[in-house]
Amino acid sequence: MESFGARLHRAVAERGPLCVGIDPHPGLLARWGLSDDVDGLDRFARTVVEALGDRIAVVKPQSAFFERFGTRGVEILESTIRQLRDAGSLVLLDVKRGDIGSTVSAYASAYLDPSSPLYVDAVTASPYLGVGSLAPMFELAAAHGGGVFVLALTSNPEGAAVQRAVTADGRTVAQTVIDEISQLNRGAEPLGSFGLVVGATVGDTGHDLSTVNGPLLAPGLGAQGGTAADLRTVFGSSLPSVLPSYSREVLHAGPDVAALRAAADRALADCRAALGTS
Ligand SMILES: O=c1ccn([C@@H]2O[C@H](COP(=O)(O)O)[C@@H](O)[C@H]2O)c(=O)[nH]1
């Protein structure tokens with residue numbers, strides 16, 4: 001199968017550099033006039049798919065907001081993933097998994113094996129048991145054209161204490177993650193399949209992203225205070241690899257489908273201008 005990096009590169013060329021999250025917060029369900037239960041969850045997710053599935057490059061369901069409803073919430077997540085795929089967007093499941101390698105193998109099967117009901121194009125992963133412990137995810141992703149986005153410099157203020165801590169060799173924890181992902185993507189064309197998560201809120205941290213050769217997912221835009229203009233400061237010369245990601249900023253416009261589309265169009269225009277791709 002074609003690699004995730006190649007599929008993402010094409011999707012961004014066709015639809016533009018934008019990821020929109022499906023984050024059905026209780027407050028958003030209420031704002032949309034929906035009940036805080038599985039029926040409300042289902043209606044919310046279907047509306048986002050209808051509005052954006054056929055026009056946004058990447059849609060990112062946040063697993064936590066589905067899991068909080070138990071089995072029936074996960075069934076709706078499975079159905080949402082299928083609907084998004086049918087509509088033509090790439091599905092990045094934000095699930096931030098990580099564990100010892102033998103358990104990561106099971107997570108890899110759950111999300112990156114095409115026979116799984118939760119199979120998606122890519123997942124987010126946490127490297128804090130060591131980037132090497134994620135190897136089963138990298139291997140299954142490579143075998144089936146999937147992608148993995150590893151946390152490097154997250155958008156929340158608490159992340160810096162861990163991620164910018166300096167290791168024995170003088171690099172920060174984040175730089176070791178960046179360097180290991182860079183190795184995995186070496187020589188990949190047009191883009192590697194292994195990405196990093198770097199928040200739009202982190203400012204100029206001095207980390208070297210120039211060797212990554214993979215996608216840089218940038219959450220933190222909108223509701224967390226990051227702006228498209230901040231992307232230049234955070235990413236510098238790596239801007240062409242950035243995939244900006246918005247959730248609440250766009251979702252606030254719902255439940256009207258046309259209003260959701262207009263909000264996504266505005267976000268995309270801002271990002272194109274900031275990335276220099278307009
Ligand atoms: O560093 C990170 C990694 C992931 N996220 C996730 O992205 C969305 C952000 O939602 P907004 O409504 O746009 O703030 C959410 O699902 C987070 O879990 C992140 O924010 N930062």
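All values below were derived from every heavy atom in this structure, side-chain atoms included, with hydrogens, water molecules and symmetry-related copies excluded. Start at 1 and go down the list; that is how both ligands and their atoms are numbered.
Those atoms of ligand 1 with a heavy atom of Thr154 less than 4.0 angstrom away are 1 (O). Heavy-atom contacts of Val197 reach the following atoms of ligand 1: 1 (O), 3 (C) (cutoff under 4.0 Å). Proximity to Leu221 (heavy-atom distance under 4.0 Å) selects the following atoms of ligand 1: 13 (O).
Considering backbone and side-chain N/O atoms, His25 never comes within less than 3.5 Å of an N/O atom of ligand 1. Checked against a 3.5 angstrom limit, the closest N/O atoms of Tyr246 and ligand 1 fall outside it. Remark: ligand 1 and Asn156 share no N or O pair separated by less than 3.5 Å (distance only, no angle test). Close N/O approach between Lys60 and ligand 1 is found [any backbone or side-chain N/O within under 3.5 Å].
Cluster annotation: Leu231 and Val12 are assigned to distinct hydrophobic clusters (Ile/Leu/Val/Met/Phe/Trp/Tyr, side-chain heavy-atom contacts under 4.5 Å, transitive).
Protein heavy atom in closest approach to atom 13 (O) of ligand 1: Ser247 N, 3.0 Å. Looking from atom 12 (O) of ligand 1 to the surrounding protein, the closest heavy atom is Arg248 NE, 2.6 Å. In this structure, atom 20 (O) of ligand 1 lies nearest to the protein heavy atom Gln224 NE2, 2.7 Å. For atom 17 (C) of ligand 1, the nearest protein heavy atom (residue, atom name, distance) is Gln62 NE2, 3.9 Å. Summary of contacts: the protein heavy atom closest to atom 15 (C) of ligand 1 is Asp23 OD2, 3.2 Å. Ranking the protein heavy atoms by distance from atom 6 (C) of ligand 1 puts Asp94 OD2, 3.3 Å first.
At a heavy-atom cutoff of 4.0 Å, ligand 1 is contacted by both the backbone and the side chain of Ser155. In Lys96, the part holding a heavy atom less than 4.0 Å from any atom of ligand 1 is the side chain.
Across all non-hydrogen atoms, the minimal contact from Ala228 to Asp270 is CB-O, 3.6 Å.
Note: Phe138 and Phe194 have perpendicular aromatic rings, judged against thresholds of 30 and 60 degrees for the angle between ring planes.
A donor atom on one side chain and an acceptor atom on the other are not found under 3.5 Å apart for Glu180 and Thr176.
With hydrogens and angles ignored, the 3.5 Å screen pairs a side-chain donor or acceptor of Asn185 with a backbone N or O of Val212. Gln83 places no side-chain N or O within 3.5 Å of a backbone atom of Arg46 that could act as its donor or acceptor partner. The backbone N or O of Val91 sits less than 3.5 Å from a side-chain atom of Asp121, completing a donor-acceptor pair.
Between Leu93 and Pro61 there is a side-chain heavy-atom pair separated by less than 4.5 Å. Between Arg232 and Leu239 the shortest side-chain heavy-atom distance falls below 4.5 Å.
Taking 4.0 Å as the cut-off, Glu249 does not count as a neighbour of ligand 1 on heavy-atom distance.
Here the OG1 atom belonging to Thr154 is positioned 12.0 Å from the CG atom belonging to Leu196, to the nearest 0.5 angstrom.
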